[in-house]
Amino acid sequence: MDERYFILFIADEDPDVRSIVDRCIEMGLKTTSSGGTERFEKYEAKDGSGSSIDVQNNEVETVVDKIAKSKKGELTFWYDEPQSTDLKLSFVGSKSSDWPTHRVMVSFRTLPLQVGNQSRAGDYSEAAVESRVKTIIDVLVEIIPFVDPEYAYSTLWVGQNPVEGLQPTGKPIPKHIQEIGWLTIMSESTVEDFGGFDHVLDTPAWCVQRLDTGHVMIVKSDRPVAPTKTPSAELADHLIK
Amino acid sequence: MTERTVTSDPLANHSDGDGLSDGRERDLGTDPSAMDSDTDRLDDAEELDNGEDPTMFDVSPPEIRVTNSNYVNVDDPTNPRGQYLITAEVSDPSLVTNFTITVDGETYHDRGIPGGPTDRFLLSQTVTVGFGQALLNGLQTNALRLTVGDRYGNAQTTTGYTSSNFYIQAGRELGALETLSAQEATALGLASGIAKSSGSMGETIQQALTNPEEFLAQFTNFQQYITLAQNLERVPGLMVRQYQNDMRTANPYYDIRSDQATHENSNDFARGYYVGVLTFEVALSATGATAGSKIKQLDRVQELASQPRVARALSYYQRAQRVPGRAVGTVTAPAARTGSRIAAGLARRTGVDGDLVRETLGSTATVGRQWWTTQRAQRFGFDRLSGLSETSRSQVSRLLRRSDEDIDDDLRAMSDDDIGAATQFACGVASPSVLYSGRGIVRQSTPDDCGSIDPDAFRGAAALSDDIDSARYEQLLGFNAEVRRTVARVYNQNPDVESREVEKYIQTLNRVDSEGRQSASRLVRELGSEGFRVTNNAYELTDTVEDIGSEDISDLLSAYKLYSESPQARRSVPEIQDDLTTLANEGGGVQGLAKAIRAGKGSVNNVKGLDGEVEAATNLIDAGVEVRELEFNVVADIDGNEVASEIDIDLANEDTGIEIKNRDYESAYENMPDEIAESARQQDIDDLVQKIEVVTRNRDTYIIASRTENIEGTVIEEAIEQANIPEGTTVEVITIEELKEL
C-alpha cells in the first residue's frame, strides 16, 4: 500500500512555525532530498487567501518567515533514505471561528513503513520500518509543545472522506467521533472528556504516553498500516463508548 | 355421654386419693375409687377447681400457640417444593390426636400426631403447597389455618396469620427486617401494598399497560384518594377496616394477635403500604364508569380480591406479554411508569419519597416475571422440572423467564439430556439470588452470564449436541459464552447450514487467537450463516496463499469485523472474501496477496484500500486479463533521486500497471473543512505526479482506474498534466467498471 497518512491537529491558536522547524532540524530531519538542511528543496508558502506565493528552493530562514507571516504553507522534510521517506508539515490555520479548527497536518507515505516490500529501493526490513515509525513519533512529541493541540487524530488518506468518523463534529469529543485512528493526541482538558488520566492511560494500545505538556499520546499499534499485531478491538470501546 | 357403674366404701374416707372424700364423690356422682372418673386425664378435683364437670369427658379443645407461620423456599420460583412452614406448641390434657392444616380453605394435611396421642406436642410442619403455590400466596395476604383435635373430638382452630410476601420474606431471610430504616420500611410497605393489589387487579393494570396515556386521561378521582390515603386510619367504614386488617396482617412490624405494633417501623410500613394499595385502587377507579361511583368501584375491588387470584394474575401477565412490539424484559415497564406517575402524586401528598416509590414500582416487574415464569413452568411440568439437575432446573427457569412462549413446546419435546446439554451450553451455572439494595428494595437477580440466553441459542445448542462431531462440540463448549451462543443461535436460525460448515468454523475458531475468535463471532452475529462461510474461506487462505499464517487470518477477521460494522464500508465483507478466494486460486495464486492482506489490517480505511484493490483485480480476471502481482514495488531515478513507488495491480504482460483510485475527486473535499481540503488536494496531486513519473519509467502503459465517472478536470487530470511522462508511454484514465472491458 502506498498511500499518504495524515495526522491532523486541532488547536486554538496558530503554531510557532519557527520553533517547529528548528526542532525538526535538531531531530535530524533534512530539508533537501540530498541530506542538506540549509534550504527547503520543496515547500509552498501561501498568502492569506491560500494562493501559492512561492514553491521551492529557498533558504530555511526565508521560508520560515514567509509561512510564519501568512500562517499557511507546506514544508517537506526527509527523515530517512530513500527519497520517498518524506514527512510533510502543513500549516493550514483557518480564520474561521467554527470549531474544530485544524492548524497543522503532518503527513507521510506508507510505503516506507511496511515490512517486507520488495527491496528494489531502500531498506524495508523490520529494523528500518521500526526506526522510521519511531522517528515520526519522536518528531510529533517534539512539536506538540509548539502546536498545543486540543486534539489530534490520524487517518489513512483513502476513500471518499478519510476523516469521517475520526474528525470530531462537536464537543465533548468522545461523543462526537466514531473511531480512533492509529495515533491520537489529547490535551489535558480533552483527556478529562475521555474519562480522566487514569482511564485514558489504561487504554489498551501499543503505546500510551503522558507528555510533559500534560498531553497524552495514544498509538494503537506498532505501524500505521500492516501492523505486527492488530489493535485491540476494545480500544475504541474503552475511549468512546 | 357414657354411663358407668361405680363402687365405694362409704366408711372409708378417701379411696382413690384424688383429694375428694368418698362421701363428696358420692354427692357429685364421681367414682370414689378412681381419681379421674371420666377418664379425661383430668383428676376429678382438678376438674372441680376448673369449674368443669368431673363426670363429663373433656369438652375443651386443645390449646395452640403458633410460634412461626411462614413461607420457605420462595426465592427460587422454579423450586418445585414451594413450602409453607408452621410451627406451634399444641397441648391438651386429654391427648392431642390429630391436626389439619388448610391454606386458603384447601386442606393440605390431615393426619395423626406422629408417635401417637400425646398431651403436649411441638408441631413443626412444612406444607408442600405445590410448585408456584407458595409464590402465588406470597403475593397476597392469606391465612393458613391449623386445626388440632383431641381424642374426644374437641378441635381448636387457629389462624396462623402470614405476614409474608416476597419482599418481606426475602428481608426476613436476610435478617434485614429489624435493621431497616424508616424509609426502607416505607418501601417495603409500598412493595407489599402493590403486590397485594396487583394480584387482584389484572385487567386494570393491563389497561394501564396497553394504553397509558388514555388511562391517565381518565383519571378523575385523584383527590378523593389522596384524602383517603391521608386519613385512612381514621376513616370509618367497612372498606377501611378491610384495608387496616390487610395492612396489619402484612405488616411484619405489627402483631395481629396482640393488635399492636412491635417495632417503630410499623407506621412507616403502613404509610408505604397504603400508597401502594391506593396506587392501584386509583388505577381501578380511573378505568371505571364514573367518578361518582366510588363505592361501587371499591365494591368491585372487593369482588376482584375475593376471586381466585391465580387466574386473574395469570391472565394479566399472559396478556401483558402479548402487547405487540414490547420485549419480554420490559413488559411491566409501562405499568411501572404509569403507576409511578400516579404514585408520585400520591407520594407528594402523603410524604413518601417519590424516588422510592418509583424504584419500588420498578421492582414489581420482578414479581411479574416470577409470576409468568411460574405459570409457564407449571405447563412445562413440575414433575419433569424436579427430575432435572439443579443447574438445569435453574437454567430452564431463566430461559422461561427470558423467552417468548413459543419455546415451551420445544422444551417439552426435548429429552432431559438435551435440556441438560443445552443449558450447560447456553447458560452459566450460578443460581438466581435475592439481593438487598441500599434503598431497601429486595429484588431477584440473575448472574450476568445468563443475560443473553435466548430460545434460539437454547434450541441450537440442543441440535448441535446431536448434529456435530462430539470433539468439535467439546471444543465449542470451551469458548466463551457469547461465542458459543452465537454459533448455536445462528445454527438454529438457519436450517440450511450444514453441520460440516459449523464443524469447520469451530476448527477455525480453535486455530485463530482470541481476538480473531471474537471477531469471527461478531461476523457471524452480523452476517448470520454467511459468517461461517466467510470465516472458513478466510482460513483456507493459509493453504492457498504463500506466507499467510493463522495470525494473519486472525488479523484479517478483526479487520473484517471493523469493516462490517463501519458505515464507511464500500462493499460487504463476503464480497471481499470471495475476491480474495478468487485471487488466491487464480492460476496458482496472484502474487503480492499476502502483502495486500497485511496492509488491510488495523483500520477501516486500510480495509477500504484492500477492498478496492481486490475488486479491481477480480474484475480484470473476470475479463480474462492475467494479473501477475498486487502492490508491486518499482523504483526510478527522478531528477537524480531514487524514488520508490508501487503499482496496485501489475499485469502479467509486464507492460501495464494499474492504479486504483477509490475517490471521487470532484466531491471528496466538499465534506472536509476548507483548510484540510485545500492542503490535502495539493498533496494528492503531488503524490500522484510522483507515482506517474516512477511507474511510467517502468511500464509502457499506466492505467488509473477511478471509482468515479468524474475524471475530467480533477486531481487525476491535473497530476497527469504536471507529471514528466517519458515519450512512448501512455497514461490512461478509465473507470473501475471499464477494467472489465480491457
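First the proteins, then the strands, lettered A, B, ... as listed; each starts at 1. Just so it is clear, the structure is predicted and the values come from calculations on it, not from any experiment.
Formation of a donor-acceptor pair under 3.5 Å by the K595(B) side chain with backbone atoms of Q114(A) is not found in this model. A side-chain donor-acceptor contact under 3.5 Å links N605(B) to the backbone of L156(A).
Inter-residue side-chain proximity for I676(B) and F6(A) is flagged as unmet; no heavy-atom pair is nearer than 4.5 Å. E642(B) has its side chain out of reach of S33(A): every pair of non-hydrogen atoms, C-beta onward, lies at least 4.5 Å apart. Residues D648(B) and D2(A) have side chains not in contact (no heavy-atom distance under 4.5 Å, counting atoms from C-beta outward).
Both the backbone and the side chain of W157(A) come within contact range of chain B, judged by heavy atoms closer than 4.5 Å. For A636(B), no part lies under 4.5 angstrom from a heavy atom of chain A. The contact between L8(A) and chain B is made entirely by side chain atoms (from C-beta outward), counting heavy-atom distances below 4.5 Å. Looking at E613(B), neither its backbone nor its side chain comes within 4.5 Å of chain A, counting heavy atoms on both sides. Heavy atoms closer than 4.5 Å to chain A are found in the side chain of D513(B), but not in its backbone.
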Carefully, step by step, assess N633(B) and Y124(A) under the rule side chain to side chain contact (heavy atoms under 4.5 Å, CB included).
-> CA-CA 11 Å; N633(B) 275 26; Y124(A) 294 91; 4.2 Å; yes
Worked verdict on E74(A) versus Q683(B) for side chain to side chain contact (heavy atoms under 4.5 Å, CB included) | CA-CA 9 Å; E74(A) 189 172 281; Q683(B) 293 194 47; 3.1 Å; yes
Kindly indicate, with the supporting measurements, whether the criterion side chain to side chain contact (heavy atoms under 4.5 Å, CB included) is fulfilled by K601(B) and V225(A).
-> CA-CA 7 Å; K601(B) 290 180 188 178; V225(A) 293; over 6 Å; no
Apply side chain to side chain contact (heavy atoms under 4.5 Å, CB included) to S90(A) and E678(B), showing your working.
-> CA-CA 10 Å; S90(A) 305; E678(B) 209 173 279; over 6 Å; no
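By the 6.0 Å contact criterion, CD on Q722(B) is enclosed, its count of non-hydrogen atoms from other residues, nucleotides or ligands being greater than 12. Counted within 6.0 Å of CD on E13(A), heavy atoms from surrounding residues, nucleotides or ligands total 12 or fewer; the atom is thus considered open. The number of heavy-atom neighbours closer than 6.0 Å to CD of E130(A), taken from other residues, nucleotides and ligands shown, is 12 or below.
The structure places CG of D684(B) at 9.0 Å from CZ of R4(A), a figure rounded to the nearest 0.5 Å. Put simply, CG on D687(B) and CG on L111(A) are 11.0 Å apart, with the number rounded to the nearest 0.5 Å. In this structure, S566(B) OG and E164(A) CD are separated by 8.0 Å, a value rounded to the nearest 0.5 Å.
In this structure W206(A) satisfies the ring-ring contact (aromatic ring centres under 6.0 Å, His included) test with no other residue, sequence neighbours excluded.
When all heavy atoms of D555(B) and T228(A) are compared, the closest pair comes out as OD2-O, 4.0 Å. Between R109(A) and S645(B) the shortest heavy-atom distance is NH2-CA, 3.8 Å.
At a threshold of 4.0 Å, the pair D686(B)-K88(A) counts as salt-bridged, since one of the basic side-chain nitrogens sits closer than that to a carboxylate oxygen.
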